[in-house]
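Values below: all heavy atoms of this structure, side chains included; hydrogens, waters and symmetry mates excluded. Reminder, nothing fancy here: chain letters follow the sequence lines and each chain counts from 1.
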Protein chains: 2
Amino acid sequence: MTVLEAVRPPTNDTEERLLDAALSLFAEKGYEAASVREIIEATGVTRPVLYYYCSSKEDLFKRLVHWKHDEAYRNLGKLISETKGCAPRLRAILRGSFEFCATDPRVPRLMFQTHFGPTIPGIADFLTEIASLRFSIIQQVIQDGLDAGELTGGDAAALSLIFCCIMDQHINILSRLPKPRKRLTPELADSLVDVFLFGVGSDGVGSDGVGSDKAGSRKRRQPSLPPFAAGP
Amino acid sequence: MTVLEAVRPPTNDTEERLLDAALSLFAEKGYEAASVREIIEATGVTRPVLYYYCSSKEDLFKRLVHWKHDEAYRNLGKLISETKGCAPRLRAILRGSFEFCATDPRVPRLMFQTHFGPTIPGIADFLTEIASLRFSIIQQVIQDGLDAGELTGGDAAALSLIFCCIMDQHINILSRLPKPRKRLTPELADSLVDVFLFGVGSDGVGSDGVGSDKAGSRKRRQPSLPPFAAGP
DNA sequence: TGAAACCTAACGACCGTTAGGTAGGTATAC
DNA sequence: GTATACCTACCTAACGGTCGTTAGGTTTCA
C-alpha cells in the first residue's frame with residue numbers, strides 16, 4: 001500500500017496557523033533544526049496544542065507536505081489536460097510550476113530542502129514516493145513526445161530526468177534568492193523549454209568545436225534567455 | 001577577506017580517520033543529525049580527541065569540506081587547462097566531475113546535501129562561497145564559448161546555470177543510487193553536453209509543435225542518451 | 001453534562017563542549 | 001647520567017542546555 005493515503009486537510013483556524021508556521025520554519029531551517037517549540041511559539045499556542053492536532057512532529061511534517069503536494073499535483077494535471085502536444089505541454093508545466101513556486105517560495109524550499117537534504121528516517125520513503133509521482137507525470141508527457149516523433153535522443157526516463165534537472169534546479173536556486181517572482185518568469189520558462197528542445201550551440205557548431213559540422217545550412221530556433229543577475 | 005583561506009590538511013592518521021568518519025556521517029545524515037558522539041565512535045576514539053584536532057563541530061565540517069573541495073577545484077582547473085575549445089572543455093568538465101564523484105560518492109552527497117539542504121548558521125556563507133568559486137570556472141568557459149561564437153541564446157551566467165543544473169542534478173541524483181559508477185559514465189557525460197548544445201527536439205519540430213518549423217532541411221547532431229534505469 | 005480546546009509543569013534522552021588528569025616520548029640543564 | 005620540564009596524544013567524568021513528548025488539570029461552549 002502506498003504511503004500517499006488520504007490526509008485530512010486543516011479544518012480549524014488554529015490548525016491551519018500551525019501548519020503555516022511549520023511551513024515557514026521547516027522551509028527555513030529544515031526538519032531537524034526547526035523545533036516544535038519554535039513552531040508553537042510562532043503560532044502563539046502551547047506545545048500540547050500541537051500534539052492535540054498532530055500525533056508527532058513527523059506527522060505534522062507529513063500533513064504539511066501532503067497538503068502542499070496535493071495542490072501542486074492537481075495544478076499540474078489540470079495544465080496538462082488543457083494542453084495538447086509535447087512542446088506546449090512542457091511549456092505549460094514549466095510556466096505553471098514557476099507560477100506556483102513564485103506564489104509561495106516556501107513550498108519549493110521545503111520540498112527540495114527535504115528531498116535533497118539530509119536523509120530523515122521515517123520521512124525519506126514518503127518524500128521519494130511524492131517525488132516519483134510527480135516525475136511520472138513529466139515522463140508520460142515526454143513519452144508521448146517520443147511516440148509522436150517530436151522528441152529524440154534517448155528514452156523517456158533519461159529525457160525526463162534532464163527536463164526535471166533544468167526545471168527543478170532553477171526553481172530550487174531562484175526561489176531562494178530575493179524576489180523569486182522577478183526571476184521565475186514565463187519568459188524564462190519558455191526559454192528553458194527552447195534550450196531543452198534546441199540547445200544553445202550556435203548554428204554550424206558541431207560536436208568537436210567550431211565549424212566542424214558540414215551538414216550545411218541549418219536554421220533552428222535559438223533560445224533567448226533573459227539575463228541572470230545573481231545580485232540581490 | 002575570503003573565508004577560503006589556507007586550511008591545514010590532515011597530517012596525523014587519527015586526524016584523517018576522524019575526517020573520513022565525519023565525511024561518511026555528514027554525507028549520510030547531514031550536519032545537524034550527525035552527532036559528535038557518532039563520529040568519534042566510528043573513529044574509535046573519545047570525544048576530547050576530536051576537540052584536540054578541531055576546535056568545534058563547525059570547524060571539523062569546514063576542514064572536511066575545504067579539503068575535498070580543494071581536490072575537486074584543482075582537478076577542474078587541470079582539465080580545463082589541458083583542453084581547448086568550449087564544447088570539448090564542457091565535455092572534459094562533465095566527464096571529470098562524473099569520474100571524481102563516482103570515485104567517492106560521499107563527496108557530492110555531502111556537498112549538495114549541505115548546499116541545498118537546510119541553512120546551517122555559520123556554514124551557509126562558507127558553502128555559498130565554495131559554490132560560487134566553482135560556478136565562476138564554468139562561467140568563464142561558457143563566456144569564452146560565447147565570445148568565440150560557439151554558443152548563443154543568453155548571457156554567460158544564464159547558460160552556466162543551465163549547464164550546472166544538468167551536471168549537478170545528475171550527480172546529485174545518480175550518486176545517491178546504488179552503483180553510481182555504472183551511472184555516472186563518460187557516455188552519459190558526452191550525451192548531456194550534446195543535449196546542452198543541440199537539444200532533444202526532433203528535426204522539423206518548431207516551437208509550437210510538430211512540423212511548424214518551415215525552415216527546411218536540418219541535419220543537426222542528435223544526442224544519444226544511455227537508458228536510465230531507475231531500479232536498484 | 002460532556003466533549004472540544006487549551007493550559008502548567010514536568011519527563012528522560014540526547015546534544016556540543018570542557019575541566020582536569022595521565023601515559024609516553026624528547027629536549028635541556030646540571 | 002639523570003632529573004627536570006615540556007610536549008603530543010589521549011583519557012574519565014561531568015557541565016548546562018535543548019530536544020520531543022506527555023500526564024493531568026482547566027476553561028469554554030453546545
Do B:Asp144 and B:Gln140 have side-chain N/O donor and acceptor atoms under 3.5 Å apart?
yes
Between A:Ser175 and A:Arg109: side-chain donor-acceptor atoms closer than 3.5 Å
no
Looking only at side-chain N and O atoms, does B:Tyr52 come under 4.0 Å of OP1 or OP2 in D:dC10?
no
Would you please confirm or rule out a distance under 4.0 Å between OP1 or OP2 of C:dC6 and any side-chain N or O of A:Thr14?
yes
Can you tell me which nucleotide in D:dT21, D:dC10, C:dT18 comes closest to the side chain of B:Pro48?
C:dT18
B:Lys68 side chain reached by B:Leu110 side chain, heavy atoms, under 4.5 Å:
no
Kindly indicate whether the side chain of A:Ile166, heavy atoms from C-beta on, has any atom under 4.5 Å from the side chain of A:Ile162.
yes
Expressed as a whole number of angstroms, how long is the span from B:Tyr51:OH to C:dG20:P?
18 Å
For the pair made of OH in A:Tyr53 and C1' in C:dC7, what is the distance, rounded to whole Å?
13 Å
Note: for A:Arg47 and B:Glu58 on DNA chain C, the residue whose nearest nucleotide lies more 5' is A:Arg47
Please list, by residue number, the residues of residues 26-46 of chain B whose heavy atoms come closer than 4.0 Å to an atom of DNA chain C; answer none if no residue qualifies.
B:Ala34, B:Ser35, B:Val36, B:Arg37
Sidechain N-carboxylate O distance under 4.0 Å for B:Lys29, B:Glu38
yes
Would you call B:Lys57-B:Glu32 a salt bridge at under 4.0 Å N-O?
no
